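Just below is one structure, and these are the notes that go with it.
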2 protein chains.
Amino acid sequence: MSVEKKIKGIGENVLEQMKKGKNPYIEIPVRTLANVEFDEKTGIIKLKGMKAKRFFLNVAHARKFMQTLLVAAFTKGLIEQKVTTSIRDLYYALKRTLPGTKENTFEEQSESDPIIEDLEVTLDVLREEMHLNAERKGLMVGNCTILDAGDEINLRKMGTGGYGVPSNVEEEMIKFKKIDADFVLFVEKAAVFSRLNEDKFWKKHNCILITGEGQPSRGVRRMLYRLHNEFGLPIYVLTDADGWGYYIYSVIKQGSINLAHLSPKLGVPDAIFVGLTTKDVEKFKLPKNVTIKLNEMDIKRAKELLEYPWFKSKAWQDEINHMLKVGYKLELEALSSRGIKFISEEYLPTKIKNKDFIL
Amino acid sequence: MSVEKKIKGIGENVLEQMKKGKNPYIEIPVRTLANVEFDEKTGIIKLKGMKAKRFFLNVAHARKFMQTLLVAAFTKGLIEQKVTTSIRDLYYALKRTLPGTKENTFEEQSESDPIIEDLEVTLDVLREEMHLNAERKGLMVGNCTILDAGDEINLRKMGTGGYGVPSNVEEEMIKFKKIDADFVLFVEKAAVFSRLNEDKFWKKHNCILITGEGQPSRGVRRMLYRLHNEFGLPIYVLTDADGWGYYIYSVIKQGSINLAHLSPKLGVPDAIFVGLTTKDVEKFKLPKNVTIKLNEMDIKRAKELLEYPWFKSKAWQDEINHMLKVGYKLELEALSSRGIKFISEEYLPTKIKNKDFIL
């Protein structure tokens, strides 16, 4: 069913209930921790089946009921007009004072954002499919030609800058014209991405290079998802060897608890962690003085990671326990102590050739 | 003189002093507040003439003297090898323990970063010219074709994503092949940039669209500088109507106190503030409920702005006093209360047509 039809369905249901003289309601899957589970079979964090009904004639529900219909109607309009906009724009566009009252439809964006998430999960669509954009981040280059809103963009010819991955990378916006790559390398840090891009790593190793410029945006995660699921490309993940880097990997892999409803459309359970690890210090003969002593937070975080079901594999337990034992973490840039091209000419080729991964 | 020669000059001077049996030193312009001034004539914040000597044979100077030569030698190597890298890479690449001691060349990146700035100001070059990259941010689309590291990139064909402005946009990396634009529009927020890009604002109004994705990076500021100075394009600046937005404008225009040594190469004193202003609420009939009440910080900030010499024009004093009088600020997205295309079809065209600017 088209997204437009799904949205329309909400209104039609409400209308039907009203015609029958019933108290109209919208049924919405619950997004609390109690309704989140790690699905061992698919390898993602997802919602269980709990749903809640939001009634019109209920003092506790009426405001959110009204807001849900306002947001639904607005997004339907966006799709019809073939335009997209930001979730902040939506808030401002829908904010108004109800005539004769001091009541606003929305007081803050923190009221409209959860409604958008409610609709995502209720309709099983991404906000981007409803033409709503979140904050974008991330760059991409490599052996791939895309069509973005009809513009043909050759990602082999993006210079030192790169293509800015938009918020919305759905089929409607982004089509893949030609993909020659053998794999995708996701890099946490933009500076490391630039280094690899300058060394034309993607050309020599026939891949696509993507950076999240930190924690990957929804657009970047969805891009990884599509490249993996539509073209069967392995996704290699390269982050710092610290709790934050490992967390970024886990979000790419099985999603996050907070956004569990998105994992089925954003998670890549087959994503492969290529580095950096604390064991690489020995393996690649890095000087000890480029390591960073774990602080209390790091230790706490590492111990938490050990408990998550998705870090229960032997390889991950080994790595995290090793980190705690040696008492240090390290950044990707630490590889530059062996020379600035070490990462592209030695570290990554060795790791990939030897399949020295953590799964 | 080439950057390479300038860097080499430092070493040659030191060598010459040593040969003469003198205590070698490097003369470095002082980057403290006492040496910063607002130059009314050029309209930029810049360094005055104070310099300090950094001696080798001086317990208080020796460490920094050593660091300065290490960084200089490293950047000379980068230029010779025709590679660039990040300032964090430099820190790791140069970090080592002096043999037979527990002394490290650098303890933290916060030690190497100021040395890079010392070299920038001593040699009158940008770190990017020394092949060092800072964190990059920012996107660009519009009536312009560039060459980035030899790749021809047509910024009219960048889809919804855009071209990621790199850290280094010097002539050596970025060349302008064809520019058809009448002006450049700098937009603070990426979401607003995306909206304008989707509405093809740059095509209808024959311009180049750049976002800083917040406070503009050095790369974005240098890009604005080059487009203005090499092609005479006016730079229009579009930010939120708040202290932060006005500050972003002021940084683009005359630079910042902290990085005063960069203003001559990054500042665009002719930059034109096109909006948003608090007076626009009346002018464009925006509903009052999209304004945001000033908090104590906002009021303090606004009063500070009133005192800066570069906000002393009548128009700016009027706007900031108006903000304080009405007691609110507002975001660009507030324009969407008049419809999501209001900004591209009504607000900006009206502002530009009527030359309703603040200078």
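Predicted model only: the values in this text are computed from it and were never measured. A, B, ... follow the sequence lines: proteins, then strands. Residue 1 opens every chain.
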Among [options], who wins on heavy-atom pairs under 4.5 Å with chain B?
options                   : answer
S86(A), A191(A), A334(A)  : A334(A)
E198(A), K137(A), R156(A) : E198(A)
S194(A), A190(A), G164(A) : G164(A)

At a heavy-atom separation under 4.5 Å, does [X] approach chain B through its side chain, its backbone, both, or neither?
X       : answer
E213(A) : side chain
R195(A) : side chain
L335(A) : neither
K82(A)  : backbone
N289(A) : both
T84(A)  : both
V83(A)  : both
L332(A) : neither

For residues [X] and [Y], is any side-chain donor paired with an opposing acceptor at under 3.5 Å?
X       : Y       : value
H131(B) : E172(B) : yes
D280(A) : Y347(A) : yes
T97(A)  : N104(A) : yes

Would you call [X] and [Y] a salt bridge, taking side-chain N to carboxylate O under 4.0 Å as the test?
X       : Y       : value
R88(A)  : E331(B) : yes
E135(B) : R218(B) : no
R226(A) : E171(A) : yes
E170(A) : R127(A) : no
D298(B) : K329(B) : yes

Task: I343(B) side chain reached by L196(B) side chain, heavy atoms, under 4.5 Å - done: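 Touching, per the 4.5 Å side-chain cut-off.
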
Task: Donor-acceptor contact below 3.5 Å, side chain T105(B) vs main chain R96(B) - done: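 Looks like yes, one N/O pair under 3.5 Å.
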
- [ ] Check whether D89(B) gets within reach of chain A through its side chain, its backbone, both or neither, counting any heavy atom under 4.5 Å.
- [x]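 D89(B) touches chain A through backbone and side-chain heavy atoms alike.
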
Open item on the list: Using salt bridge (charged side-chain N to carboxylate O under 4.0 Å, His left out), reason through E346(B) and K341(B) one step at a time and then give a plain yes or no.
Closed with: CA-CA 8 Å; E346(B) 183 85 22; K341(B) 290 191 174 184; over 6 Å; no

TODO: Tabulate, in ascending numerical order, the residues of residues 147-154 of chain A having at least one heavy atom closer than 4.5 Å to a heavy atom of chain B, or enter 'none'.
DONE: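 Within residues 147-154 of chain A, near chain B: D148(A), A149(A), D151(A), E152(A), I153(A).
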
Task: W202(B) vs N197(B), side-chain hydrogen bond (donor to acceptor under 3.5 Å, both in side chains): CA-CA, chis, key distance, verdict - done: CA-CA 7 Å; W202(B) 52 268; N197(B) 185 27; 2.9 Å; yes

